[in-house]
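Take a look at the structure set out below.
So you know, we letter chains A, B, ... as the sequences are listed, proteins then strands, and number each from 1.
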2 protein chains.
Amino acid sequence: MLDSTDMRILEELSNNSRITMKELGEKVHLTGQAAADRVAKLEDYGVIEGYTIKINQNKLGYFIHAFITVFTESISHQPYLTFINTQEQYIINNYKISGDGCYLLECKFPSHETLNKFLEDFNKHANYKLSIVIKNGSTTF
Amino acid sequence: MLDSTDMRILEELSNNSRITMKELGEKVHLTGQAAADRVAKLEDYGVIEGYTIKINQNKLGYFIHAFITVFTESISHQPYLTFINTQEQYIINNYKISGDGCYLLECKFPSHETLNKFLEDFNKHANYKLSIVIKNGSTTF
DNA sequence: CTATTTAACTTGATAAATGAAAGGATTTGA
DNA sequence: TCAAATCCTTTCATTTATCAAGTTAAATAG
């Protein structure tokens, strides 16, 4: 379905999604139009789900990046899910997982105070285990 | 530092980073040029770290999304870190964390077979606890 | 109170990118 | 072998981005 040129296009767009089609074409040895056609196909096929930006959360005042392993107390997860829907500003991802815990909640907080307050409210609906990110050794793509 | 217009710009770019400056300007009630100026400042300031794409990993054949809590056996983390550097294709993020475990490893695999093989090699360098993502209730921005 | 500076924005001209249409290789299948 | 499909290129009209200059408003200083 995808050839190596498509993979290179995905790589280039991962690095800079605002690149012009002309430039992208040069990088993968195609004309701008051919590159644009390829990209349109990747969109149609659904490999490219969207175009977005990387935001530096520290610069927005979110200094704490945390993962919370969630253990819901009751049989129903609904109270927990309802609660976190009211906490959108702090939530990055809520992964339903198998293994230890029901959910893995990725979140961000401006301060220990806000985190503490969040956990107090949180604990009314579920138990948890907290992991704070010290360093992000992220890879590309 | 950032006003509400800047926040709206970040939101719009998060939703579609390939939007034209003209269109972006219309959305936030500015001319294209003013919008472009704002975006340039957000880049300079470092809030916008880059432009990227959302890739559907399933369409690339990565059907398993997992989080691995890592417990290094030896005092030195180096053997573990060296190992995962050889496994780039499977690694999304390697977060150094406080709390339970030393690292939280986010990764992707094409199949249970590749995951199993990975864990066998992995286990030579560190112990682990595996969580497989069942559903991603991700939020925006 | 007035002059000056600065920041944020608008306008207008030019250069560049985009999108659509037409056409040319190359491959695929009947 | 012929027809269709795929993938790419070229060309051109349209749209967009970019650069420089000018406007406005608010803050600052004399």
Does [X] use its side chain to pair, donor to acceptor, with the backbone of [Y] at less than 3.5 Å?
X: A/N85; Y: A/T82; answer: no
X: B/K108; Y: B/Q57; answer: no
X: A/R18; Y: B/I19; answer: yes

Please give, in whole Å, the distance from [N] [atom2] to [X] [atom1]?
X: B/L42; N: C/dA8; atom1: CG; atom2: C1'; answer: 14 Å
X: A/R38; N: C/dT18; atom1: CZ; atom2: P; answer: 18 Å
X: A/D3; N: D/dT6; atom1: CG; atom2: C1'; answer: 12 Å
X: B/K22; N: D/dT14; atom1: NZ; atom2: P; answer: 14 Å
X: B/D37; N: D/dA21; atom1: CG; atom2: C1'; answer: 13 Å
X: A/E23; N: D/dA17; atom1: CD; atom2: P; answer: 15 Å
X: A/Y45; N: D/dT6; atom1: OH; atom2: P; answer: 16 Å
X: A/H29; N: D/dT9; atom1: NE2; atom2: P; answer: 12 Å

Can you list everything that forms a salt bridge (charged side-chain N to carboxylate O under 4.0 Å, His left out) with B/D37? Sequence neighbours excluded, please.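 By the salt bridge (charged side-chain N to carboxylate O under 4.0 Å, His left out) rule, B/D37 matches no residue at all.
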So, does A/K41 get its side chain near the phosphate of D/dT6, meaning an N or O under 4.0 Å from OP1 or OP2?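 It does not, given that no N or O in the side chain of A/K41 lies less than 4.0 Å from OP1 or OP2 of D/dT6.
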Using OP1 and OP2 only, check whether a side-chain N or O of A/T31 sits under 4.0 Å from D/dT9.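 Answer yes for this pair, as a side-chain N or O of A/T31 is under 4.0 Å from OP1 or OP2.
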Nearest-nucleotide pick for A/M21, side chain only, options being D/dT16, C/dT18, D/dT9: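 Nearest nucleotide to the side chain: C/dT18.
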Taking the side chain of A/R18 as its heavy atoms from C-beta onward, which of D/dC8, D/dA17, C/dT18 lies nearest to it?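 Among the listed nucleotides, the one closest to the side chain of A/R18 is D/dA17.
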If you go through the side-chain atoms of B/Q33, does one of them form a donor-acceptor pair with the base of D/dT18 closer than 3.5 Å?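 By the distance-only test, yes, there is a pair.
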